[in-house]
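Structure, as structure tokens:
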Amino acid sequence: MAELGLNDHHQNEIINYMRFARSKRGLRLKTVDSCFQDIKESRLVDETFTMDEVSEVLNELQAVVHSELESELINTSCTNVLLLRQLFSQAEKWYLKLQTDISELENRELLEQVAEFEKAEFASTNKKSNSENMKPRLVPLNEGGAELLNKEIIRLQEENEKLKARLKTIEFQATSALDEKSKLDRALRDLQIAQGDQKEIIRSKDISDLENTVAALKNEFQKTLNDNTENQKTLEENLMSTKHDLLKVQEQLSVAEKELEKKFQQTAAYRSLRDILTKKNEQIKDLRKRLAKYETED
């Protein structure tokens with residue numbers, strides 16, 4: 001829409017909220033008028049009043065109007081919180097983090113722009129209501145850029161989970177290799193002990209053959225041990241490479257989230273939220289002016 005810079009759907013959502021706010025404002029103004037009328041009918045029955053009596057009437061009227069305005073302001077604040085909750089809930093479904101600029105709520109130019117839009121929108125009482133305006137719930141965001149970024153985030157998360165599973169597998173393999181190495185070391189020590197015992201017992205010509213056999217077994221064992229050591233180094237290198245890949249994926253995920261957050265701040269939903277808050281602040285200021293006018297007249 002030309003006035004606030006939003007599309008048709010968001011225009012309808014704002015019109016719905018304006019209609020709701022106007023209805024609540026009208027009811028509250030009628031209540032305030034009723035307070036004054038009750039005072040006139042119940043207290044202003046004599047032709048003359050003393051200063052104390054006039055002061056008492058005004059104090060009573062002030063208490064009633066103060067209570068009504070306070071109730072309406074509290075209700076307005078809670079209503080705005082519920083509206084923000086709907087927007088934030090939708091944003092969280094798309095992994096978005098919305099931000100608000102409180103300083104814009106007192107931007108006089110924007111407030112006047114919203115007021116002119118409301119005045120123009122509700123100038124004609126015979127205007128036909130759009131069927132889309134009656135939807136009670138906000139629809140999820142469906143902008144192409146946000147959807148693509150969301151898919152990329154999901155893809156990176158899945159890849160992250162795969163890398164974590166691969167890391168666990170490599171860690172298990174490395175642990176198994178270390179356990180196997182420990183078993184081989186114990187077997188070597190046992191074999192060396194057995195070899196020493198055999199040297200003390202056997203004092204015949206077969207001792208030379210036994211030593212050769214032990215030496216061959218030792219060489220074969222050492223070769224196996226070296227192979228296991230090399231496998232362990234390979235597994236450790238794979239583990240380090242996998243950890244680097246995991247860090248890289250996590251960094252890409254962080255960049256994607258920041259890009260998504262930056263892109264959303266430029267979307268219509270962000271500006272719509274800001275304009276709604278600006279309008280409500282103007283309404284509160286208008287009520288304050290009216291109250292000040294009543295107090296001045298009294």
Side-chain angles (χ1 to χ4, degrees), residues 88-99 140-267:
F88 290 157
S89 296
Q90 292 184 31
E92 290 176 0
K93 292 180 181 179
W94 290 88
Y95 303 96
L96 300 176
K97 295 181 180 179
L98 302 183
Q99 292 181 343
L141 297 175
N142 191 22
E143 298 185 6
E147 184 176 0
L148 292 176
L149 287 176
N150 184 63
K151 290 182 179 180
E152 181 64 15
I153 289 174
I154 294 175
R155 185 188 69 79
L156 291 175
Q157 288 177 339
E158 293 176 351
E159 186 175 350
N160 188 20
E161 293 298 328
K162 292 180 180 179
L163 289 175
K164 287 182 179 179
R166 181 183 174 188
L167 178 62
K168 290 182 180 179
T169 301
I170 294 176
E171 289 178 344
F172 176 77
Q173 292 176 352
T175 303
S176 299
L178 292 174
D179 293 341
E180 185 66 23
K181 181 181 177 181
S182 299
K183 292 179 181 178
L184 292 175
D185 289 337
R186 289 195 297 270
L188 178 59
R189 289 195 297 269
D190 294 341
L191 185 59
Q192 290 174 343
I193 293 173
Q195 182 182 2
D197 294 339
Q198 289 296 329
K199 285 182 178 180
E200 293 179 0
I201 297 173
I202 300 175
R203 300 296 180 182
S204 63
K205 60 180 179 180
D206 295 333
I207 192 171
S208 178
D209 296 335
L210 181 59
E211 289 176 350
N212 293 333
T213 301
V214 171
L217 290 173
K218 183 177 180 180
N219 291 334
E220 182 178 358
F221 180 81
Q222 189 65 37
K223 182 180 179 181
T224 302
L225 184 61
N226 292 335
D227 292 340
N228 287 334
T229 302
E230 185 66 26
N231 290 335
Q232 179 184 353
K233 291 181 179 179
T234 302
L235 289 174
E236 290 176 350
E237 291 176 356
N238 291 336
L239 178 62
M240 184 62 67
S241 176
T242 302
K243 288 183 178 180
H244 286 313
D245 292 340
L246 178 60
L247 292 175
K248 183 178 180 180
V249 170
Q250 290 175 345
E251 182 179 1
Q252 292 175 353
L253 179 60
S254 178
V255 171
E257 289 178 346
K258 291 180 178 178
E259 181 65 22
L260 179 60
E261 182 176 352
K262 179 179 179 181
K263 182 176 181 62
F264 182 76
Q265 291 180 358
Q266 300 173 359
T267 61

What is the distance from atom [atom1] of [X] to atom [atom2] of [Y], rounded to the nearest 0.5 Å?
{"X": "Gln222", "Y": "Leu184", "atom1": "CD", "atom2": "CG", "value": "10.5 Å"}
{"X": "Thr234", "Y": "Leu239", "atom1": "OG1", "atom2": "CG", "value": "12.5 Å"}
{"X": "Leu191", "Y": "Arg189", "atom1": "CG", "atom2": "CZ", "value": "12.0 Å"}
{"X": "Ile170", "Y": "Lys243", "atom1": "CD1", "atom2": "NZ", "value": "10.0 Å"}
{"X": "Leu167", "Y": "Met240", "atom1": "CG", "atom2": "CE", "value": "10.5 Å"}

Side-chain ion pair, Arg155 and Glu159, N-O less than 4.0 Å | yes
Other residues, nucleotides, ligands: >12 heavy atoms within 6.0 Å of Phe172 CZ = no
Gln157 atom CD, neighbour heavy-atom count above 12 within 6.0 Å = yes
Among residues two or more places apart or on two chains, list those pairs meeting side-chain hydrogen bond (donor to acceptor under 3.5 Å, both in side chains) that have a residue in residues 166-188.
-> none
Side chain to side chain contact (heavy atoms under 4.5 Å, CB included) involving Asn160 - partner list, sequence neighbours excluded | Lys164, Leu246, Val249, Gln250
Could you pull out the closest heavy-atom pair between Leu253 and Ile153, with the gap in Å?
-> CD1-CG2, 3.7 Å
